[in-house]
Structure formats: C-alpha cells, structure tokens
Amino acid sequence: QRAEQTLEWAKTHGDSPSIAIDNLSLGRSAMATGETEVARKHLDAAVEGLKRAQRRDVIPLGLLARAGFRRQQREYPGAHRDLAEVLRIARRGGPDNWMRLHLIDHDLEAARLALDENQRDHARSLLDQARAAIADTGYHRRDPEVAELEQALGVNAP
C-alpha cells in the first residue's frame with residue numbers, strides 16, 4: 001500500500017527514478033503473492049524506468065528481480081537476457097567497488113536458474129563463486145540464499 005501511495009505521489013511530481021523504484025517494490029510484492037500479470041507489468045515498468053532515468057547503480061536490482069520472476073515463470077531465455085545485462089553493467093563498475101555486490105546477486109540468481117534448467121555442475125560453480133565473493137566482501141546478507149542453494153544442490157558448506 002505504501003508503494004502504491006508513493007507511486008501516485010511520484011507520478012504527480014514527475015519523479016522518474018522514484019516511479020521506477022516504486023514499480024520495483026510493487027512487482028516484488030506481486031511476485032510474492034502470486035499475481036503474475038501484475039508482477040510482470042510492474043517489473044517491466046521498473047526496468048524501463050530505471051534505464052530511462054539512467055540509474056546504472058540500481059538498474060541491476062530491477063533486472064535481477066525480473067530475472068527471478070522470469071525464472072519462476074519458466075521464461076528462461078528472458079531470465080538469461082536480464083542476467084547477461086546485469087553482468088555487463090556490474091562488470092563495468094570494476095571489481096573493487098559496490099557493483100561487486102550486484103555480481104554476487106547475479107551469481108546467486110544464475111545458480112538458481114541453472115538449477116531450474118538441471119545444470120547442476122554450472123549451478124555449483126556459480127554458488128562456489130558467490131560463496132568466495134561473499135567471504136571476500138563480507139556480504140553475509142546473502143548467507144540464507146547460499147544455504148538454500150547448498151541444500152538444493154545437496155552440498156555442504158566448506
């Protein structure tokens with residue numbers, strides 16, 4: 001409800017980045033409640049809005065959310081395209097800055113996608129890469145996702 005309200009305010013004031021972020025919040029919320037078409041509409045609007053606003057710092061957040069949605073819908077080619085774009089953007093940021101966190105998030109979502117496509121070895125490789133980067137950066141906010149992937153792959157933490 002808060003995102004719906006702030007979206008209306010942002011539209012009134014023509015605040016493009018805020019509109020995109022609110023669409024991202026609404027898309028994630030709709031994903032969580034199984035509202036497929038509502039999620040699709042908001043996630044597409046979020047990605048396009050972030051691109052129009054040239055918010056390279058947060059475009060990966062929209063792409064990652066949409067990739068996860070597309071994976072859940074078994075729209076694998078679209079998920080791969082979104083993840084490839086995340087990789088391009090985040091790699092341009094260099095290995096020593098905050099874009100590295102987007103690379104970790106990419107690896108985790110790509111591992112889930114590989115798992116869904118029954119590419120277990122690739123999923124394990126992506127998980128290992130993410131695990132190493134998390135240890136290096138201290139990005140332990142993603143530890144629950146790592147544990148979930150480890151369980152799905154039947155591997156133990158190192």
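Given the structure is predicted, the values throughout are model-derived calculations rather than measurements. We're numbering straight along the sequence, starting at 1.
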message = If I compare all heavy atoms of A39 with all of G27, which pair ends up nearest, and what's the gap?
response = CB-O, 3.7 Å
Please table the atom pairs, donor to acceptor, closer than 3.5 Å between any side-chain atom in residues 61-72 and protein atoms at least two apart or in another chain.
residue	atom	partner	partner atom	Å
R66	NE	D82	OD1	3.4
R66	NE	D82	OD2	3.0
R66	NH1	D44	OD1	3.1
R66	NH2	D82	OD1	2.8
R70	NH1	G78	O	3.1
R70	NH1	D82	OD1	3.3
R70	NH1	D82	OD2	3.1
R71	NE	E109	OE2	2.5
R71	NH1	D116	OD2	3.4

key: Test item: D136 side-chain N/O and A132 main-chain N/O as donor-acceptor pair under 3.5 Å   = no
ask   = Does the side chain of R40 come within less than 4.5 Å of E75's, by heavy atoms?
value = yes
Side-chain touch D57/H102, heavy atoms, less than 4.5 angstrom = no
remark   = Nearest heavy-atom approach of A110 to L83 is CA-CD1, 3.8 Å
remark   = Heavy-atom closest pair (A90 atom, L103 atom, distance to 0.1 Å) is CB-CD2, 3.5 Å
inquiry  = Tell me whether R112 is salt-bridged to E148, with the criterion being a basic N under 4.0 Å from an acidic carboxylate O.
reply    = no
task = Please name the pair of heavy atoms, one in L115 and one in A152, separated by the smallest distance, quoted to 0.1 Å.
result = CD2-CB, 3.4 Å
Any donor-acceptor pair under 3.5 Å from T137 side chain to A133 backbone = yes
ask   = Can you name the closest pair of heavy atoms from V86 and P60 and give their distance?
value = CG2-O, 4.0 Å
query = Can you name the side chain to side chain donor-acceptor pair (under 3.5 Å) partners of Q73, sequence neighbours left out?
reply = none
query = Yes or no on side chain to side chain contact (heavy atoms under 4.5 Å, CB included) for R52 and E48, after CA distance, side-chain angles and deciding distance?
reply = CA-CA 6 Å; R52 261 193 320 279; E48 293 312 309; 3.8 Å; yes
query = Do the side chains of M99 and R91 get nearer than 4.5 Å, heavy atoms only?
reply = no
inquiry  = Taking D107 first and then R131, would you say they form a salt bridge - that is, a charged N and a carboxylate O separated by under 4.0 Å?
reply    = no
key: Set of residues satisfying side chain to side chain donor-acceptor pair (under 3.5 Å) with respect to E35, sequence neighbours excluded   = T33
task = Quick one: list whatever passes side chain to side chain donor-acceptor pair (under 3.5 Å) with H80, sequence neighbours left out.
result = E117
inquiry  = Please evaluate residues L43 and N23 with respect to the criterion side chain to side chain contact (heavy atoms under 4.5 Å, CB included), reporting the C-alpha separation (whole Å), side-chain torsions for both, the decisive distance (0.1 Å), and the verdict.
reply    = CA-CA 6 Å; L43 291 171; N23 272 308; over 6 Å; no
message = To check you understand the geometry: which heavy-atom pair defines the closest contact between A123 and A111, and what is its length?
response = CB-O, 3.5 Å
ask   = Excluding sequence neighbours, so at least two apart, what forms side chain to side chain donor-acceptor pair (under 3.5 Å) with Y139?
value = D105, R142
request  = Find out whether L153 and R120 are in side-chain contact, i.e. whether some heavy atom of one side chain is under 4.5 Å from a heavy atom of the other.
outcome  = yes
request  = Using the test salt bridge (charged side-chain N to carboxylate O under 4.0 Å, His left out), find all partners of K51 that sit at least two apart in sequence or belong to another chain.
outcome  = E85
